[in-house]
Every structure is written in structure tokens, then in C-alpha cells.
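Counting starts at 1 for both ligands and their atoms, following the listed order.
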Amino acid sequence: MSFHNVSKEALWGTAALGAVFAAGLWIGKGKSQAFGSTTIFKSHSKGAKDNPLMKYVLDHSMREHPALKKLRLKTLEDRFSGMMVACEQSQLMANLAKLIKAKKALEIGVYTGYNALNIALTLPEDGRVVACDISEALPNMGRPFWKEAGVEHKIDLRIQPALKTLDDLLAAGEAESFDFAFIDADKQNYDHYYEKCLQLIRKGGIIAIDNVLWSGRVLNPEADDLDSQCIDKLNKKIYRDVRVNVSMLTVGDGLTLAFKL
Ligand SMILES: C[S@@+](CC[C@H](N)C(=O)[O-])C[C@H]1O[C@@H](n2cnc3c(N)ncnc32)[C@H](O)[C@@H]1O
């Protein structure tokens, strides 16, 4: 696929990601999780906690805003904390958003808002993260930390099915006006989210998709495992999609970055 139409920023980003990808593979070799030879690495997952190399990576790269760190530690007390984005992955996405000078972002699946907060911190004062979730209680756990970081006003929380919010944005004439999107909600709607994001994101913008390795289950999805099947199908579709350039990284539970052409 041609790079001719891609901005200089996106090209630099793609080059930087090569290094992240290589590091992910290398670290994965050190210790993989429960899925045979599958390399899954998320900083707050069980296996990673005691891994000296993962600790080294975090000790030598994480630069969390104090309120962001507090939110992560608070979220780790929650019984659903496994849903939280990996902090090193979120930092990568925040760096990318900054690189492309993002002003408008989409967060599809908020939970306590770790990533929404991280992205909001990179946006200019008049920037906005449209944050989609069906639960009000979960994001509200994070709200005090958004406030403490001084960016609560940049997080526009919409409590309703994310597809409805994306349709609302399109109906409001916001097509091609977003710079960055993170897809991290119900897996069976991933393809719909991807298509709507392609309409909402500008050329040179980035769509980041979480859990694309789904703890290794994409390798051989079971007949009754619809989530794995949907993720695998979308991975195969994006691989062939001429509307984007793509990188699939082994950070977290697998992260695809689609750069809109
Ligand atoms: C994996 S968590 C998101 C983690 C988050 N991105 C972070 O930074 O830690 C998934 C979230 O998606 C939400 N969700 C599930 N189905 C949804 C839907 N149809 N529309 C919007 N949000 C949904 C859940 O309530 C949950 O908070």
C-alpha cells in the first residue's frame, strides 16, 4: 500500500511503532501467559506483575500524570479492573494523539476513563474526547480524577450505546472531524465501530483498536465464541483494507493502529 497520501507525522509515528512492535515481541518471548506460545503482555495482568523485564519497561518509560496514576491504582481495586487499558499502551496512544496534534477524539468504551483522561491531557484547552459508555457508574468512579487533573471539561461523556452516539455525531455533521479514536467496547460491534470511525476520522487520523489478539483466542476461534470470531474477521478485513495503513502491535492484549489514508 502506498504512503504517498500520509502526513509526515503519521509516517514518523509508523516508524516509531516498528520499535515498539519489536520490543513487544522480544518481551513476549521472556514470559507468555496461559495460551501456549501466544505472547500477551499487559502491565497489570497476572503474569506480567512479577516479570522483571515488564517492570524494567514500566520503570524506564512510564510518565503518568499524578491524577492518572491515582486513577489507575484506584481502578485496580475494582473487581472489573481487568477491563482497564494497559498503562503503557495508553501512553503510546496519548503520544500518537499528540504527534498528530489531535484536538477531537473518540473513546468507545470508557470504564473508569483511564485512557479518556490520558488522551484529554494531551489535547489543547478547547479539545474534546467524546467518551461513549452504557454504564454511568463506571465512568463516575473516574470522574474525581478527571477533575483533579483539570481536564474534566474536555471529556464529553455520552451514556447510551456507542453506536447511537456515533450516529448522533454523524447526524450532527461531524464526519471527518475527529483525529483519533480508540475502540474498546463490546467485541461483536467492533466492525460497526470501525466503519463509523472511518467516517468520523479525518484523513491522517488514527483508529486504535484494542484486544485484537483476545488472549490468543483469535488463533483458533471456537464455533460458539462469537467475540473471537468477530475480532478475527475484523483483523482480516483491516489487513486488506485499502482505506488505511495498518500496524498490529503485541502491546497489551494486541493493539491495531489504522492510519486513515
Ligand atoms: C474494556 S472497558 C473500556 C476500558 C477503557 N477504554 C479504559 O481506558 O480503561 C469496556 C467498556 O465498554 C462499555 N460498553 C460495553 N458495551 C457497550 C456499548 N454497546 N456501548 C458503549 N459502551 C459499551 C462497558 O460498560 C465498559 O465500561
Starting from atom 20 (N) of ligand 1, which protein heavy atom do you reach first, and at what distance in Å?
A162 N, 2.9 Å
Within-cut-off N or O pair, M84 and ligand 1, under 3.5 Å:
no
From the list L234, N235, I108, D227, side-chain contact (heavy atoms from CB on, under 4.5 Å) with Y190 holds only for L234
Considering only the protein, which heavy-atom contact is closest to atom 18 (C) of ligand 1, and what is its distance?
D186 OD1, 3.4 Å
Distance-only, no hydrogens or angles: does the K74 side chain make a donor-acceptor pair with backbone N or O of G142 under 3.5 Å?
no
Just to confirm my output: which protein heavy-atom neighbour is closest to atom 5 (C) of ligand 1, and how far is it?
V110 O, 3.3 Å
Is S135 in polar range of ligand 1, meaning some N or O pair under 3.5 Å apart?
no
Under 4.0 Å from one or more heavy atoms of A185, ligand 1 contributes atoms 12 (O), 14 (N), 23 (C)
Please check if the side chain of Q91 supplies one atom and the backbone of R63 the other of a donor-acceptor pair under 3.5 Å.
yes
K55 atom NZ, over 12 foreign heavy atoms within 6.0 Å
no
Output the list of atoms in ligand 1 that are nearer than 4.0 Å to some heavy atom of Y193, sorted by atom number.
18 (C), 19 (N), 20 (N)
Test: D191 and K233 ion pair at under 4.0 Å
no
Among all protein heavy atoms in this structure, tell me which lies nearest to atom 1 (C) of ligand 1, with the distance rounded to 0.1 Å.
M83 O, 3.2 Å
I'd like to know if the side chain of Y193 pairs up with that of D186 as donor and acceptor (distance under 3.5 Å, no hydrogens or angles considered).
yes
Check each atom of ligand 1 against the heavy atoms of P161 and keep those under 4.0 Å away; list them by number with element.
20 (N)
Mind checking whether V85 has an N or O less than 3.5 Å away from an N or O of ligand 1?
yes
Is there a polar contact between ligand 1 and Q160, counting only N or O atoms under 3.5 Å apart?
no
Would you find a donor on one side and an acceptor on the other, under 3.5 Å apart, between the side chain of D133 and the backbone of V110?
yes
Checking a contact table here: which protein heavy atom is nearest atom 10 (C) of ligand 1, and how many Å away?
D184 O, 3.1 Å
Between the side chain of D179 and the main-chain N/O of G205, is any donor-acceptor distance below 3.5 Å?
no
Is L138 touching ligand 1 with its side chain, its backbone, both, or neither, if touching means heavy atoms under 4.0 Å apart?
side chain
Return the residue, atom name and 0.1 Å-rounded distance of the protein heavy atom closest to atom 25 (O) of ligand 1.
D133 OD1, 2.6 Å
Considering only non-hydrogen protein atoms, determine which one is nearest to atom 8 (O) of ligand 1 and report residue, atom name and distance to 0.1 Å.
N115 N, 3.0 Å
Which residue and heavy atom of the protein sit nearest atom 15 (C) of ligand 1, plus the separation:
I134 CD1, 3.9 Å
Side chain or backbone, does G109 bring an N or O within less than 3.5 Å of an N or O on ligand 1?
yes
Member of E88, E64, E77 meeting the salt bridge (Lys or Arg N to Asp or Glu O under 4.0 Å) criterion with R72
E64
I'd like to check which ligand 1 atoms, numbered from 1 as shown, lie under 4.0 Å from a non-hydrogen atom of F182.
6 (N)
Any sub-3.5 Å donor-acceptor pair from Y111's side-chain atoms to F80's backbone N or O?
yes
Can you confirm whether the side chains of Y239 and K236 place a donor and an acceptor under 3.5 Å from each other?
no
